[in-house]
Amino acid sequence: MSVLRLAVPTPLRRLFDYLPPAELSEQELAGLKPGIRVRVPFGRRELIAILVDVAEQSTVPTEQLKAALEILDSEALLPQSLQTLCHWSSDYYQHPIGEVFSAALPKRLRKGLPVQEQGEAAWQLSDRGKGLPEGALPRSPKQAAALALLQQQTQVSTATMKAQGISTAVLRSLREKSLIEACTMPIAPQAGISREGLPLNDDQRQAVEGIAATLGEFQCHLLEGVTGSGKTEVYLQLISHCLAQGLQALVLVPEIGLSPQTLDRFRERFDAHIVVLHSGLAEGQRYRAWEAARSGAAHIVIGTRSAVFTPLAKPGLIVVDEEHDSSYKQQDGFRYSARDLSIKRGQLHNCPVVLGSATPALESLHNAQQGRYWHFQLPQRAGGATLPQIQCLDIRREPLQAGFSATLLARIAEVLQQGDQVLLFLNRRGYAPSLQCHDCGWVAECQSCDARLTLHLRQRQLRCHHCAAYRALPNRCPDCHSSQLLTTGVGTEQAERLLQQHFTQWPTYRVDSDSMRGRYAMEELAAQVNLGEPCLLLGTQMLTKGHHFPKVSLVAVMDADALLFSADFRGEERMAQLLTQVAGRAGRAGRPGQVILQTHHPDHPAVQAMLHQSYAEQAERLLAQRKANGLPPAGQLIMLRSDCVDAATGEEFLLQLRRQFEAEPISGCQLIGPLPSPMPRRQGRHRSQLMLSATGRPAALRAAPRLVALAEALPKARGLNWTIDVDPSELS
DNA sequence: AGCACGCCGACT
DNA sequence: GTCGGCGTGCTC
Ligand SMILES: [Zn+2]
Ligand SMILES: [Zn+2]
């Protein structure tokens, strides 16, 4: 007996066995390959599953097995290496295998639509057209020319037609006469061609040569280079080595990291097929890009997190740009890290992986120090621009206007008068993060979350930044009816108003998710700013990624204190990364930049470190702290979270889990909690967490499946949800 | 996660 | 009498 073992798209963490479709012959059965799609009845619905294995028998009694309905493919959708990556991810992150495969496939294929023959839109003669003699249609020369071409070459692409001066209108009228028909023409695989690169400095050359020497084998490389040190040029030259060997390159970029500027650089350098995969793509576009990567037609694949699962016909190189960026870690559902998976992928493909960053994650630095990664440093700023000077501005007892000290406003004015641009970083959108009654102390809070409502003045709304809740801004206190409602704290909207009033001759551009709504908003703004006129750029984290603003010579962090007191053990690492990245935005092309941190805590060790130490030095100190505390990368964490409408149930569930785990402990594992999450109630649900701290990877690898098995076996109270997060990046 | 079944309140 | 509320249980 043959049994199909299938990964079914469901949150259940197991495979499902089916009998082969009734009409399938022995021979067809023998030809089934893992990785093909199979349509199956599942419960009372039909789903598209992925064949994992054809087994001799099942542990499920035969009479309970259903027959699959249809085999959808003859060839695997994903190459073997990528199927292996899916299984590995499913095990490592303890996420249901069916959902992992779903993450690796474009929607089109998940829905069961057939694999589309890739090709260029083209035309061929219809049966009727084939009957025409040479030199037909003499009265319409354009149509005759089109026919002549098709008589010579059977299939001619629309592009070629256009090049021959034959418009689509001509072709359409030929089709209306049923003389020609549309078809797709297979594209002959073409070599990607690289144009000459920029001259390299010694450090860049060493990196390119060192990394290129590992093409064809697995090796992970950490490329550490400050902003402007020419990391991108190193990537480009490595990619050209890769293309020269007839191999494809996969480039991962942060969520909003792919600026048109960077993309243009790729397009200018390579006469090659480049595809881009990001979340904004329409279904069809995404599928075509995916298929081009899979078929090998695309030479370079650039994409965000989910692109780590893009199949490649001839993988040669994987680049993870800004590898420290938190957007590589998925924050819900299948909580994978695209950076970590790209390294696994490199192993499976035997190809090098390059992790690039000005501010590498401590994990990556640790791996480099351990000798697991090769470490390349690009200390110089290309073009000789000097690194910005960071100064701290003590604002204790300073009067502040919308968060600005008089000193800062004066510095801004000077810079604008010199004709330069100013970048102001304030990581808080809205007008003010809190609204209070001056008479009775009432505070505007969210009904569903343990959080204050943010005032959005233009919309006259109070909004929760943790759920969808919003309400109209009250004129009076709902408790005591006083009209003395005061805001505390400053958000970008408020800072923007002050800048507009204070600097009337210069435009202020606000960059946050409220002001940059449209798809092209950010692009248009960047183009406007990069015309070079003096202006003020004010924004949240959005401003610190992707676009470069070469005319900025002053960067100010308005509220450095907000970064200082974080509950998360990664807080200080994040702060150092963020501030270093922000600082890197100041001064380019030979002009020194200036960075100002406004703080009430000028003596705080983290502030002092920012002033006097390089990122590498700070990282070294933080790494030592982590090692002393057994925290990643010295140890490994697994987070279990529960959420439930009532507070006690979730915590009780995790407590049971802990008891059961500890009844038969795993050495090297320690459980902490359950504890309420840093924000205990969110969207009306009470959240708790249980953290497992493992001394190393082997212990964690044993603990994760055990925790899941125990959690699945525990009686699940109604309305309770639990999730597992291996290598959590956020301890909330 | 879906999608059913099932068993109690207010509608024709 | 039945339409539908969502609690509970299952998916090879
Ligand atoms: Zn009041
Ligand atoms: Zn809320």
Side-chain angles (χ1 to χ4, degrees), chain A residues 1-24 29 32-73 83 86-87 89-91 93-107 109-112 306 309 330-336 448 640-650 652-653 656 682-687 708-725:
Chain A
M1 186 179 74
S2 290
V3 175
L4 309 182
R5 313 217 67 210
L6 302 177
V8 183
T10 158
L12 302 168
R13 280 170 238 259
R14 64 194 110 128
L15 295 174
F16 289 85
D17 293 352
Y18 285 83
L19 298 171
E23 68 283 2
L24 207 70
L29 183 61
L32 295 184
K33 295 169 185 154
I36 60 170
R37 290 170 301 165
V38 182
R39 205 155 53 81
V40 294
F42 189 77
R44 267 147 282 241
R45 55 210 169 114
E46 272 182 24
L47 296 175
I48 308 297
I50 302 292
L51 180 66
V52 167
D53 191 18
V54 182
E56 290 298 306
Q57 56 192 25
S58 172
T59 49
V60 178
T62 312
E63 62 275 16
Q64 282 175 30
L65 294 180
K66 291 183 184 174
L69 300 169
E70 191 188 356
I71 303 293
L72 293 174
D73 304 296
Q83 292 179 48
C86 287
H87 289 293
S89 316
S90 170
D91 290 342
Y93 292 105
Q94 289 293 308
H95 196 76
I97 182 67
E99 291 193 343
V100 173
F101 273 110
S102 290
L105 293 173
K107 204 175 186 179
L109 299 179
R110 290 202 302 261
K111 289 197 291 198
S306 62
F309 289 109
Q330 178 126 56
Q331 291 295 7
D332 57 284
F334 176 22
R335 294 168 169 265
Y336 63 96
S448 320
L640 279 125
R641 299 187 180 86
S642 70
D643 65 271
C644 195
V645 272
D646 74 291
T649 315
E652 180 57 27
F653 176 86
Q656 289 301 324
R682 189 170 175 165
Q683 297 185 63
R685 302 183 65 84
H686 292 266
R687 307 163 327 132
V708 166
L710 292 174
E712 285 190 327
L714 276 173
K716 195 162 162 259
R718 41 174 187 65
L720 176 117
N721 285 321
W722 63 269
T723 57
I724 183 166
D725 188 353

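Naming convention: chains lettered A, B, ... in sequence-line order (proteins, then strands); numbering from 1 in each chain.
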Protein within reach of the bases, or only the backbone? For nucleotides 7-12 of chain C, mark each nucleotide 5' to 3' as B, S or -, using heavy atoms under 4.0 Å.
-S--BB
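Side-chain atoms of R39(A) never come within 3.5 Å of backbone atoms of L69(A) as a donor-acceptor pair (strictly under, hydrogens ignored). When atom types are taken as modelled, the side chain of D73(A) and the backbone of R37(A) share a donor-acceptor pair closer than 3.5 angstrom.
What you find for N721(A) and K716(A) is that their closest heavy atoms are OD1-NZ, 4.3 Å. Summarising the geometry of D17(A) relative to L65(A), their closest heavy-atom pair is O-CD2, 3.4 Å, with the distance given to 0.1 Å.
Contacts between residues 48-55 of chain A and DNA chain C, counted as heavy-atom distances below 4.0 Å, involve no residue at all.
Under the 30°/60° scheme for interplanar angles, the aromatic rings of F309(A) and F334(A) are found to be tilted.
Inter-residue side-chain proximity for V40(A) and K66(A) is flagged as unmet; no heavy-atom pair is nearer than 4.5 Å.
Distance check, rounded to the nearest 0.5 Å: CZ of R335(A) to OG of S89(A) gives 15.5 Å.
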